[in-house]
Every structure is written in structure tokens, then in C-alpha cells.
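Here, residue 1 is the first one in the sequence, and each next residue gets the next number.
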Amino acid sequence: MSSLQALCSGLPLKPLPENRGRWAGVPHAPVRIPGLSPVEEQLALRNALRYFSPSVQELLAPEFAQELRLYGHIYMYRFCPSIEMRAYPIEQYPCRTKAAAAIMHMIMNNLDPAVAQFPQELVTYGGNGQVFSNWAQFWLTMSYLSRMTEEQTLVMYSGHPLGLFPSSPGAPRLVITNGMVIPNYSSRTEYEKLFALGVTMYGQMTAGSYCYIGPQGIVHGTVLTVLNAARRYLGVEDLAGKVFVTSGLGGMSGAQAKAAVIVGCIGVIAEVDKAALEKRHKQGWLMEVADSLDHCIERLREARRKKEVLSLGYHGNVVDLWERLVHELEATGECLVDLGSDQTSCHHPFNGGYYPVQLGFTEAQRLMASNPAAFKDLVQESLRRQVSAINRLAKENFFFWDYGNAFLLEAQRAGADVEKKGAGKTEFRYPSYVQHIMGDIFSQGFGPFRWVCTSGDPQDLAVTDQLATSVLEGVIADGVKASVKLQYMDNIRWIREAAKHQLVVGSQARILYSDQKGRVAIAVAINQAITHGRIKAPVVLSRDHHDVSGTDSPFRETSNIYDGSAFCADMAVQNFVGDAFRGATWVALHNGGGVGWGEVINGGFGLVLDGTPEAEQKARMMLSWDVSNGVARRCWSGNRKAHEIICQAMQENSRLVVTLPHELGDERVLQQALQL
């Protein structure tokens, strides 16, 4: 096992590490089919070899060529480190700055096998959310970070560390861009080629920005989504005996089982990959497993009758499950499901993100590699069948929503019946969870705020939980609107129960949905606790890119913006730039994430709190912008809740001046003008 010191010493070339190839016993990414020409294959190999001196290129060239042929990408398995990959306490990293050590802590957490979906392929979640494109990039990045001073910035081009460049102490220590491909060439086909060439990368959201915190990050969002769906669709606060059916237990989707238990319903989650299912079961996030539909339906009925709290994993295809639920309805007249969604990785449905019902898991993987066109046909047929079953159930008292994974978008492309008559391009027969459930929450400035205790000590995390609870209770005591108070109360409940639900996987991290006022107050409280020694080491603040201001995505985050600007990316780009000069320790801007390559622009940040007055000042400035940008954009698009929030913010801060839209006084003005 190598040490952290060795890990920060640059590429290990003398001697070269042993080539152990792909590890047994860990999940691996599906084989990619980039469709490179012979000339492009040579270019991919040339690009990989430029990380190495000529003295080792002759040895490495055939090895890398074989990886390209077998797996569709050059991962450089030989250079996968032998060290136990995890988030080590910050003081153990051999660095010249706390910021660099904090970034290393976050990178290694993203690649921890307990956290990452395909750790040896450097994929954190979402099937293809890369941290780096290859292992050479990892080694070089760690080396640069260990040498970096407070007057340098590390620049990352889609996984590639371009180098350290002179900057200032107030500048970001790290600037990341992922997938910044010229728009006319930002297609899936071009992406597969460009990734195989090693020149771009799909960073998902928090994979490529080093801010993933394991499935806890999506547990909380799923909890809030299901709670608010029950309020909206079923008119209930108590979900006892209510059934939520969905799919996916792999990366982010693995949160669904835990979320079902926390909200108190019966969650039935289908998963085709037995390894993913068993991983969640061993973690304790999935209570029970059913290997047959008969057992699954029998157990569902029993739990429903007894109003048990249950997370039940069905090892099989979700299409079979939906069609069996239709069969039960037709045979007995009883609809066994109340709420439904889907969390397959439909942002890349033909490369392992969605498995067709016609084939078993292994058989599907073989066809995906040997005959991509036939595989695509089966996937699209499967999507049509899935939608057909959902449509039948929706005629009963059952409600379905798209979880922002491009499910309805891909179903539409497959010819499934998901059209909504008279609707705009971002609307389907079923709403996205942003349109009906979470959109108003975003408009009020609430989104997935998070922090990581770099000491690695659970006691530090417990202190931050106490501080966050106290802060939110204080905000409520000062007086807030009823709709805002409801969000605060949901989050106070979440924090109080977090330790009981054993949500930590990997780094000592926490997430909660908060607005601008709450985020700033929590950051200040944590920074002061570091100053006074209540927290032993720096804390990294961050958020999911899926937030108020971080993402422009017409089929998810901005799907409830109806002024025509849902397809524009000014907000996400401005957020990235604004965070950078307001104090962020690092910033990231990505193409793709959630809904898929070419469908979204998103960005994120990391901000290191070290107990200094400078850190508090940066937090106040940067966090305020990071929320108010998106609220102001939603206000300008005509959202009334956002309008109220931004008006209140301007009253509290005279330096904030936002252009407010005027409502159209009379619809006849439009009609008369257009008639002319």
C-alpha cells in the first residue's frame, strides 16, 4: 500500500507499478462503443502516451491500446493506486495550504469504493460521472495540489490538470471546466468519440467538481420530494400504508430505499444489477430483497395492509414490475401503488443507463457491446412498454412524476405516449418533480446546501448538526412566512433524525435544504465554532449543482420557467463566474449532468471555512450571491414566490438592486397588437 506522501509525488515511473488490470469483486463501468476510426484510435493512443516519457511509452502503448479495444476508453488501470482510497483527515495530506488538503480530501472521497459507483473507472455516480478521465490525471492533480501556494490556481480542463498559474490569495485555488464542447458538436455521438480521445469528460454534477457526499446527498432531496408529492397529490402528511414504486439502487438512485423509510411509506425499488442491490442491503439502506415478482407483490400487499414502513428491493426489471401492477389492477380492481417515479440513468440509456426488459442483465451487457443498434431498439421498445403500464395505472388514484433523469424525454424520443396536448417543449403528460413539487422550493431560495468536516471525526459532524438546528430554529423565531416555515421545519426534522438514520457514507458530511438566510447563518456559526475549537479542522461548504442558481436545464431545474428562457444558460455561467470572484475556494462549470450531455449547463463550488475572519467574509458574500442569482432569475421569469423573496432581500440589503418585471395589465394588448 502506498502512502499519501507517495501519492503526491507525481506519476510513479521508477519503477512502474505492476499492471493488475481490472479488479475482481468491484463493479465496473459498461464497455463503451466510441466508434473511432483507425486514425482516431491512433490519436487516442497518442493523447494517452503524452503523459509519459519516451522511456516507458513502448511498454505502455500496447497496454493502452488493449484497454481502448476492450473497454472503449484508456483508463490506465496500471496506475490505479494501491492505497486505500478514502477521505483521510485533512492534516495527513502533505500540502502547503489548507485549501489544497481540503480538495484532496474531497477528491479521494469521490473515488472511495464505498462511495463511487465504478471506482476503478473513476466514475462516482450516474453511470458515467467521471472524476478524471484516467489515472495519470489523478496522480498529476494530487502532485500539483501538494505543491500549490496561496498565490497559485490549479486549472483543470475536463479532468486534465493544465497546470498551476500565478494568481492571488483572494482568487480560487482551483478552477474546473468539464465538457465545454462547442454547442454544434455537443452531441452524444461526438461525446463518445471525444471522451475516448481523452480530450473531454462528462463530470455529471458533483463527480467532476469533487463535491459528491455519497447517496446522502440525494436522500434528503428524495425525502422532500416524496413528502411534498404526498401533500400535493394525496393530500396527506402521514404516508403510512402508501406505496412508492420506482427503480434504481446504484449511484444516486440508491438513496430511494433510505428515503422511503425516513418518510414512513412502503418503497418498492426495482434493480437489475444484483451487486448494486446487495450493496444497499448490506449498508442497511434496503430492508428486504425479493427475487421474484410473486414474492414482491405478496410482501407489498402485506406491508400495505399492516401499514408497515418498508424498503423492498425487487431484483428484476422495473418494466416487469409496472406490468405486474397493471395485471393486479385488472385481476382484482385494486391499484397497489400511490406514487411513482423512475431513477434509471436515462441520460445515457444506450450505454448502461437503462436495461431493456427483454434481456437479462448479463445478456444485455453483451448485446450493448456487440450490437449497439439492436440494443437501442430494445431499450426504446422497453421504454414504450414502461410508459404504457404507467399510463394505465394513472387512470386510477396514482400519480407519477419524472425525476429529472430524462426518462420522459427519452420515452418521447422512443415514441411512447407521453405527449401533453398544447404544451411547450419542456412539458409532458407527467410533470417533472421541479415543475410540480420542488420548483416552488427553489423559487423561495431553498436548495441542497451541504458541508464536509475534513477532520473525519463524527463528533465534529455532530457539532455542526447541533449548530444548524439552532440556527434554523432562530430564523423561525425571528418570524418567517408560513410556506418558508414549513421548509425550515422539514429540515429541522431531517437534521435531528440524521444520526439515527446512519446517513454518512464516506466523508463526514451533511446536507440540508436551506435558503440564503439559513446558509449564511449556518456558515458563520460553523466558522466561529472552528475559531473557538469546538470543531477541530476546516469545514468545506458546498452544494449540489442541482440548486437554485447552479443549473440551467430545461427538462429539470429550469423546467418551470415559461418565458422561453429555459433553454438559455446565462444563470449557471454567471453563477460560476460570480462565485469565483466572491470568495469560493474552487469553482466548476459543466456541460451535462442529470438529464445528460448537451441538455444542461451546471456549476458548483467549494468554500473552505478555516475559522478566520476572511473565511466568514467570503461565506457571507459568496453564499448570498449563490442563492439570490437564481431567485432573481425566477423573479424576472414571472414567478411570484421568487418576486416576494427578492423584494424582501432588497429591503434587507440596500446594495442589492434587481430589475423587477411588470405584469401585463390587459391580455387584449397582446391580441390587438398581433392582429395588427
Side-chain angles (χ1 to χ4, degrees), residues 7 20-32 71 73 75-77 79-88 103-139 141-142 159 176 178 195 201-219 248-255 258 271 273 275-280 282-283 285 343 345 347-348 351-353 450 452 456 503-509 511 540 542 544-545 588 590 592-594 604 606:
L7 205 64
R20 296 175 295 154
R22 276 193 166 194
W23 298 338
V26 298
H28 288 286
V31 174
R32 310 185 77 96
Y71 310 120
H73 189 74
Y75 296 105
M76 306 184 186
Y77 289 117
F79 295 95
C80 184
S82 59
I83 192 172
E84 180 187 359
M85 192 68 70
R86 62 181 177 87
Y88 290 85
I103 294 166
M104 287 182 171
H105 181 93
M106 302 289 281
I107 288 173
M108 292 188 73
N109 185 69
N110 270 26
L111 294 170
D112 181 341
V115 174
Q117 187 177 13
F118 306 125
Q120 220 184 349
E121 287 76 41
L122 303 110
V123 172
T124 300
Y125 72 93
N128 60 348
Q130 303 282 150
V131 186
F132 300 98
S133 179
N134 59 58
W135 284 106
Q137 295 174 347
F138 168 82
W139 284 92
T141 299
M142 297 295 279
I176 303 166
N178 284 311
F195 179 60
M201 187 180 87
Y202 184 76
Q204 262 286 356
M205 290 190 164
T206 51
S209 66
Y210 318 147
C211 294
Y212 191 63
I213 60 169
Q216 177 191 172
I218 192 65
V219 170
L249 286 167
M252 293 179 68
S253 60
K258 175 64 78 173
E271 173 58 63
D273 184 355
L277 188 145
E278 289 178 344
K279 179 179 180 179
R280 298 304 177 201
K282 288 176 182 176
Q283 283 177 338
W285 285 41
Q343 276 203 35
S345 294
H347 64 276
H348 65 128
N351 297 98
R450 56 180 62 167
V452 177
L503 295 164
V504 170
V505 178
S507 59
Q508 293 296 315
I511 184 172
V540 174
S542 186
D544 197 342
H545 297 198
H590 298 184

For the residue pair [X] and [Y], establish whether any side-chain heavy-atom pair is separated by less than 4.5 Å.
X: Phe138; Y: Cys80; value: no
X: Arg450; Y: Val452; value: no
X: Trp135; Y: Pro81; value: yes

Counterpart residues, salt bridge (charged side-chain N to carboxylate O under 4.0 Å, His left out), relative to Arg32 (two or more places apart): Glu192
Using ring centroids (six-membered ring only for Trp), state whether [Y] and [X] fall under 6.0 Å.
X: Phe132; Y: Tyr210; value: yes
X: Tyr75; Y: Phe118; value: no
X: Tyr202; Y: His348; value: no

Results of side chain to side chain donor-acceptor pair (under 3.5 Å) for Asn178 - residues two or more places apart only: His590
Nearest non-hydrogen partners of [X] and [Y], listed with the distance:
X: Asn351; Y: Pro30; result: O-CG, 3.7 Å
X: Asn110; Y: Val131; result: CB-CG2, 3.9 Å
X: Ala116; Y: Val123; result: CB-O, 3.5 Å
X: Leu249; Y: Leu277; result: CD1-CG, 4.2 Å

